[in-house]
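Input: a single structure, listed below in structure tokens.
Residue numbering restarts at 1 for every chain, and letters A, B, ... go by the order of the sequence lines. This is a predicted model, so every value here is computed, not measured.
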Number of protein chains: 2
Amino acid sequence: MAKTAIPDAPEGKAQTPAFSPLYQQIKQLILGSLQQGEWQPGEAIPSELELAARFKVSQGTVRKAIDELAAENLVVRRQGRGTFVATHAEQHTQYRFLRLVPDSGSLDSEGPAQRDIVACKRMRAAGDVAQALALRAGEPVLQITRLLTFQGVPTILEDLWLPATPFKGLTAERLADYHGPMYAMFEAEFGVRMVRASEQIRAVVAHDEQAQLLAVSTGSPLLSVERTAYTYNDIPMEWRRGLYRTDTHHYHNELS
Amino acid sequence: MAKTAIPDAPEGKAQTPAFSPLYQQIKQLILGSLQQGEWQPGEAIPSELELAARFKVSQGTVRKAIDELAAENLVVRRQGRGTFVATHAEQHTQYRFLRLVPDSGSLDSEGPAQRDIVACKRMRAAGDVAQALALRAGEPVLQITRLLTFQGVPTILEDLWLPATPFKGLTAERLADYHGPMYAMFEAEFGVRMVRASEQIRAVVAHDEQAQLLAVSTGSPLLSVERTAYTYNDIPMEWRRGLYRTDTHHYHNELS
DNA sequence: GAGTGGTCTAGACCACGCG
DNA sequence: GCGTGGTCTAGACCACTCA
């Protein structure tokens, strides 16, 4: 490992040389190992001293690289124990990407959600789906429709689209049989790890079918939440559109 | 300054001594100076070496304290120039707390918003307002109603409530005369700096008056965005409820 | 007690902005 | 050329976890 910052690969027409510091290079190397699956979700990665020795840099430099990975929630530090690959399969990260909370209390206090798979079918990607998933229109995708019910109240109705290839073999049965968050299943069964997502939120009114499934009247206001979820390297691997009832829950967001 | 981590003040019934590291103590001292107004928004704070000398710690310790303040957006680092107190009065932080973006393009590309003050009156806090602002019911507050229009389309209708005391002398005229974000005015004219906010989002339908002001039909779906904004030390200083049209814009949120 | 992450230091050098 | 923040190192010690 070079001891000083080296210029980025001079591909394209980089106008500025754009130096990248050593710890950024280390970060990319660790990211590569995460991506290659060298360490599984929930497992510990090597200690800072080990990594420092492997890359021939000081512990401080590795530390700064890991600090950034931890800030991006790709990795979790636990003092006295080690640094672990982030996973969706743990209690306190159950609903990592779900911002809907009850008007009083917390999602945890409501107990586990009831998950009903309404449909799961293979189809060809329409224009909007293809664009969101960075596919060509017509490429095969899986569409899943499901309903989440909290404390007996149907609250979220959502459609998900997944690229068919990485999720080969996914069926309604396998979805129904798996107990735990869907993203945890994607990790365990298909090796697909969602690390980041982007949401677009709008207010809409319920259509007939939607209203029926959510047990509200047609024309009721609903929150439309469109989410694109990404794996490493900003590759989109899921697009979903959720309709949220907001008469008992609300979407919570912290700004700073 | 103590050279080693010291126990927190043993007030209450702290079960664990709870040590706080030196850099956290430094962070609190700097926070105190920010709060006391030792440095104004937009101004540079002393250099890391100066602060290190003042507090009798190493530059690295000061650095870590400032790193956290920068992560919380209380302060902005600029290489080669210094570290500056965050402000709402700058171009690229114009709409720091506004997550509404046009379906295509960006808020910047839409040019400046038209701001119309619909009303501004002094009143006594109702229960919900008092609770949000941590006041007693009946204490005096200011209520402002305004309409934001982007490219000719009225898009946001919002009511704001402010505690009357810190905002003594605020009138509809002063609001209309000030050009720039409202939070910038609060900073410049009243010394109130919003550093953090929390939002609750729901889908609602437009009532008659609201529909008229937003130029949509009664019963149209709207995003209801309730925001509590805080100054230093988590003191709430504003509560607002906005109604957003989401036919041309959407609420954008990044998850990780 | 061994091993891990977390803190703190001191000093060297680099990249950047500005006069 | 100077001062600023940014990087990198090496080493000491602390706090936490677990066997």
Side-chain angles (χ1 to χ4, degrees), chain A residues 1-8 14-30 39 42-71 73-86, chain B residues 1-8 14-30 39 42-71 73-86:
Chain A
M1 177 56 54
K3 285 300 179 192
T4 56
I6 57 173
D8 278 339
Q15 306 213 342
T16 322
F19 282 72
S20 72
L22 192 46
Y23 77 88
Q24 285 287 358
Q25 302 172 43
I26 303 298
K27 180 184 169 188
Q28 288 306 316
L29 290 172
I30 298 175
W39 316 297
E43 277 185 17
I45 70 173
S47 77
E48 296 178 351
L49 281 173
E50 277 182 81
L51 290 171
R54 178 196 297 196
F55 299 130
K56 304 243 171 53
V57 298
S58 77
Q59 184 188 4
T61 301
V62 171
R63 166 164 283 274
K64 187 147 188 187
I66 295 179
D67 276 345
E68 290 210 350
L69 294 171
N73 292 313
L74 296 179
V75 115
V76 179
R77 290 175 166 293
R78 289 189 199 139
Q79 183 172 153
R81 299 186 53 198
T83 302
F84 299 77
V85 181
Chain B
M1 179 55 54
K3 286 300 179 193
T4 57
I6 57 173
D8 278 337
Q15 307 212 338
T16 323
F19 282 71
S20 73
L22 192 45
Y23 76 88
Q24 285 287 357
Q25 302 172 42
I26 304 296
K27 180 184 169 188
Q28 288 306 315
L29 290 172
I30 298 175
W39 316 298
E43 278 185 16
I45 71 173
S47 76
E48 296 178 351
L49 281 173
E50 278 181 80
L51 289 172
R54 178 196 297 195
F55 299 130
K56 303 245 171 47
V57 299
S58 78
Q59 184 188 4
T61 302
V62 170
R63 166 165 283 275
K64 188 147 189 188
I66 295 179
D67 276 346
E68 290 210 350
L69 294 171
N73 293 312
L74 296 179
V75 115
V76 179
R77 290 174 166 294
R78 289 189 200 139
Q79 183 173 153
R81 299 186 54 200
T83 302
F84 300 77
V85 181

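- For the pair Ile26(B) CD1 and dC8(C) C1', the interatomic distance rounds to 11 Å; values are reported in whole Å.
- At dG6(D), one or more side-chain N or O atoms of Arg63(B) fall inside 4.0 Å of OP1 or OP2 (strictly under the cut-off).
- Rounded to whole Å, the distance from CG on Leu49(B) to P on dG6(D) is 13 Å.
- Listed candidates were dC8(C), dT7(D), dG5(D). Nearest to the side chain of Leu22(B) is dC8(C).
- Atoms CZ (Phe55(B)) and C1' (dC8(C)) sit 16 Å apart, rounded to a whole Å.
- Evaluated for a side chain to side chain contact (heavy atoms under 4.5 Å, CB included) with Lys27(A), the options Leu69(A), Asp67(A), Leu22(A) yield exactly one hit, Leu69(A).
- Nearest nucleotide to the Phe19(A) side chain, out of dA15(C), dC8(C), dT4(D): dA15(C).
- In this structure, Arg77(A) atom CZ and dC16(D) atom P are separated by 16 Å, rounded to whole Å.
- Summarising the geometry, atom OG1 belonging to Thr83(A) is positioned 8.5 Å from atom CG belonging to Leu51(A); distances are rounded to the nearest 0.5 Å.
- Straight-line distance from the CD atom of Gln24(B) to the P atom of dT7(C): 8 Å, rounded to whole Å.
- Close to dT9(C), at under 4.0 Å from its OP1 or OP2, lies a side-chain N or O of Thr61(B).
- Residues Ala65(B) and Tyr23(B) share a closest heavy-atom pair of CB-O, 3.4 Å.
- Expressed to the nearest 0.5 Å, how far CZ of Arg54(B) lies from CG of Leu49(B) amounts to 13.5 Å.
- A 4.5 Å side-chain heavy-atom check between Phe55(B) and Ile30(B) finds at least one atom pair inside the cut-off.
- Rounded to an integer number of Å, the gap from Asp67(A) CG to dT7(D) P is 12 Å.
- In this structure, Glu50(B) places its CD atom 13 Å from C1' of dG5(D), rounding to the nearest Å.
- Close to dC8(C), at under 4.0 Å from its OP1 or OP2, lies no side-chain N or O of Lys64(B).
- For the helix from dG1(C)-dC18(D) to dC18(C)-dG1(D), the axis fitted to the five pairs at one end and the axis fitted to the five pairs at the other end meet at an angle of 10° (nearest 10 degrees).
- Here Thr61(A) contributes atom OG1 and Lys56(A) contributes atom NZ; the two are 14.5 Å apart, rounded to the nearest 0.5 Å.
- Following rounding to the nearest Å, Lys56(A) (NZ) and dC8(D) (C1') show an atom-to-atom distance of 17 Å.
- Note: Ser58(B) OG to Lys64(B) NZ = 11.5 Å, rounded to the nearest 0.5 Å.
- Judged purely by atom type and a 3.5 angstrom limit, Glu43(B) has no side-chain atom pairing as donor or acceptor with the backbone of Val85(B).
- For Arg81(B), there are no side chain to side chain donor-acceptor pair (under 3.5 Å) partners two or more places apart in sequence or in a different chain.
- For dA10(C), neither phosphate oxygen OP1 nor OP2 lies less than 4.0 angstrom from any side-chain nitrogen or oxygen of Ser58(B).
- Rounding to the nearest 0.5 Å gives a distance of 11.0 Å between CZ of Phe19(A) and CD of Gln25(A).
- Between Arg78(A) and dT4(C) there is no side-chain N or O to OP1 or OP2 distance below 4.0 Å.
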Taking only nitrogen or oxygen atoms into account, show me every contact under 3.5 Å that the protein makes with nucleotides 17-19 of chain D, one pair per line with its distance.
residue : atom : partner  : partner atom : Å
dC18(D) : OP1  : Arg81(A) : NE           : 3.3

